[in-house]
2 protein chains.
Amino acid sequence: MHDVDTIDIAILKTLQREGRISNAALAERVGLSASACSRRLDHLEKSGVIKGYHARLAHKALDYRMIAIVNISLSGQFAKTLAEFEAAVKLCPNVLVCYLMSGEYDYTLRIAARDLEDYERIHRDWLSALPHVVKINSSFALREVIDRPNVGLG
Amino acid sequence: MHDVDTIDIAILKTLQREGRISNAALAERVGLSASACSRRLDHLEKSGVIKGYHARLAHKALDYRMIAIVNISLSGQFAKTLAEFEAAVKLCPNVLVCYLMSGEYDYTLRIAARDLEDYERIHRDWLSALPHVVKINSSFALREVIDRPNVGLG
DNA sequence: CCGGAAAATGAAAGGTCCTTGCAATGTCAG
DNA sequence: CTGACATTGCAAGGACCTTTCATTTTCCGG
């Protein structure tokens with residue numbers, strides 16, 4: 001029914017990079033008429049291939065100037081242990097990213113804070129309260145060198 | 001000049017969730033006329049508060065399913081050393097994020113790869129070729145627990 | 001290879017949306 | 001208070017979006 005063909009791929013790649021491009025410009029970019037492009041885009045959205053559109057904001061401009069990378073080890077890898085930790089970490093609004101990891105630590109977190117004082121509060125109120133934690137290692141980002149939304153894009 | 005005020009915050013939060021909302025709907029959402037809203041949006045984009053708009057695609061449409069966290073130490077912290085490393089790392093399209101860090105390692109990278117074979121290629125062709133590197137430590141994300149674009153939002 | 005149904009397309013149209021000019025209002029420092 | 005500048009709403013013209021419709025393409029069963 002809805003095969004994702006070459007033109008769809010071109011549409012998706014364009015929208016991945018320029019999510020707010022006009023339908024007219026998008027149509028020209030992929031070599032379709034505006035009406036055909038509009039209908040394909042409608043299909044891609046309604047079929048769930050495109051899950052949403054989002055503005056990417058500068059953390060700095062929103063007064064979250066500090067990024068911390070926090071590595072955490074738990075007391076075990078039982079499913080219940082992981083689930084309880086993850087449920088708790090999801091509640092902290094300052095956690096931007098959290099991955100279950102291979103290697104020395106079990107989880108890697110990326111945390112946004114306004115300043116050092118704010119980070120101290122987050123550490124005290126949130127990180128210290130996470131269950132099953134046996135080791136925490138925090139590092140701070142001194143400067144953002146690269147921040148790309150997707151592979152191969154500016 | 002131009003503080004990010006309450007209305008700007010409302011605009012940003014809306015665009016965070018609905019990056020392709022029309023300017024007219026956005027204006028009504030935040031209680032402004034369309035023209036005023038359009039001008040504020042223009043300013044937020046040009047001043048760099050909004051770094052871009054991006055479509056979020058379904059996993060079946062995404063080619064890059066593997067995330068690696070790579071920590072790197074350099075042979076020194078001279079400005080020239082850092083600049084040369086950063087210029088080189090910026091050329092690798094698979095690097096999504098790169099921070100200059102405090103702590104044990106100098107840089108933390110987040111890398112997207114199609115699969116393990118693809119990561120091996122990236123490591124061989126790009127990471128091994130980065131200048132001034134004295135230590136590399138790779139970990140792989142087993143599962144994405146949280147991935148938020150910004151603080152306190154979906 | 002053929003025929004027909006389903007899907008996709010481009011052109012056109014009307015309705016909506018976006019941006020720019022303009023006058024008025026709001027803000028702030030001197 | 002005054003002047004300079006930022007911000008606003010309104011209006012208009014131009015751009016854009018979506019729907020309709022006739023046509024073309026695609027895809028199977030026969």
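Each chain gets a letter, A, B and so on, in the order its sequence line appears, and its residues count up from 1.
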**Request:** Using atom CD1 of B/I21 as one end and atom P of C/dC17 as the other, report the distance to the nearest whole Å.
**Result:** 11 Å

**Message:** Quick check: any donor-acceptor pair below 3.5 Å linking the side-chain of B/S35 to the base of D/dC10?
**Reply:** yes

**Message:** Looking only at side-chain N and O atoms, does A/S138 offer a donor or acceptor that is under 3.5 Å from a partner on A/Y119?
**Reply:** yes

**Complete:** Per atom distances to the A/L32 side chain, the nearest of C/dG10, C/dA8, D/dC17 is C/dG10

**Request:** Rounded off to whole Å, could you give me the NE2-to-C1' distance for the B/H43 and C/dT19 pair?
**Result:** 17 Å

**Request:** Using atom CG of B/N23 as one end and atom P of D/dA15 as the other, report the distance to the nearest whole Å.
**Result:** 18 Å

**Prompt:** Which nucleotide, C/dC18, D/dG9, D/dT18, lies nearest any side-chain atom of B/A24?
**Reply:** C/dC18

**Upstream residue (5' side of DNA chain C) when A/A36 and A/R20 are each assigned their closest nucleotide** = A/A36

**Closest to side chain of B/R39, choosing from C/dA8, D/dT8, C/dG10** = D/dT8

**Value in whole Å for how far the P atom of D/dC16 lies from CZ of A/R29** = 13 Å

**Asked** In whole Å, what is the span from the CG atom of B/L26 to the P atom of C/dT16?
**Response** 20 Å

**Message:** Can you measure A/L41 atom CG to D/dC16 atom P for me and round it to whole angstrom units?
**Reply:** 16 Å

**Asked** Is it true that atom CD of A/E144 has more than 12 heavy atoms of other residues, nucleotides or ligands lying nearer than 6.0 Å?
**Response** yes

**Prompt:** On DNA chain C, nearest-nucleotide positions of A/A34 versus B/S22: which is more 5'?
**Reply:** A/A34

**Message:** Check this for me, if you would: do A/R65 and A/D63 make a salt bridge, where the nitrogen-to-carboxylate-oxygen distance has to be below 4.0 angstrom?
**Reply:** yes

**Prompt:** Taking atom P of C/dC18 as reference, at what distance in whole Å does atom CZ of B/R40 sit?
**Reply:** 17 Å

**Item:** Side-chain ion pair, A/R121 and A/D118, N-O less than 4.0 Å
**Value:** yes

**Request:** Walk me through it: do A/K90 and A/E86 pass the test salt bridge (charged side-chain N to carboxylate O under 4.0 Å, His left out)?
**Result:** CA-CA 6 Å; A/K90 280 178 185 170; A/E86 290 175 17; 5.1 Å; no

**Item:** Protein-nucleotide distance (B/D5, atom CG; C/dG26, atom P), rounded to Å
**Value:** 17 Å

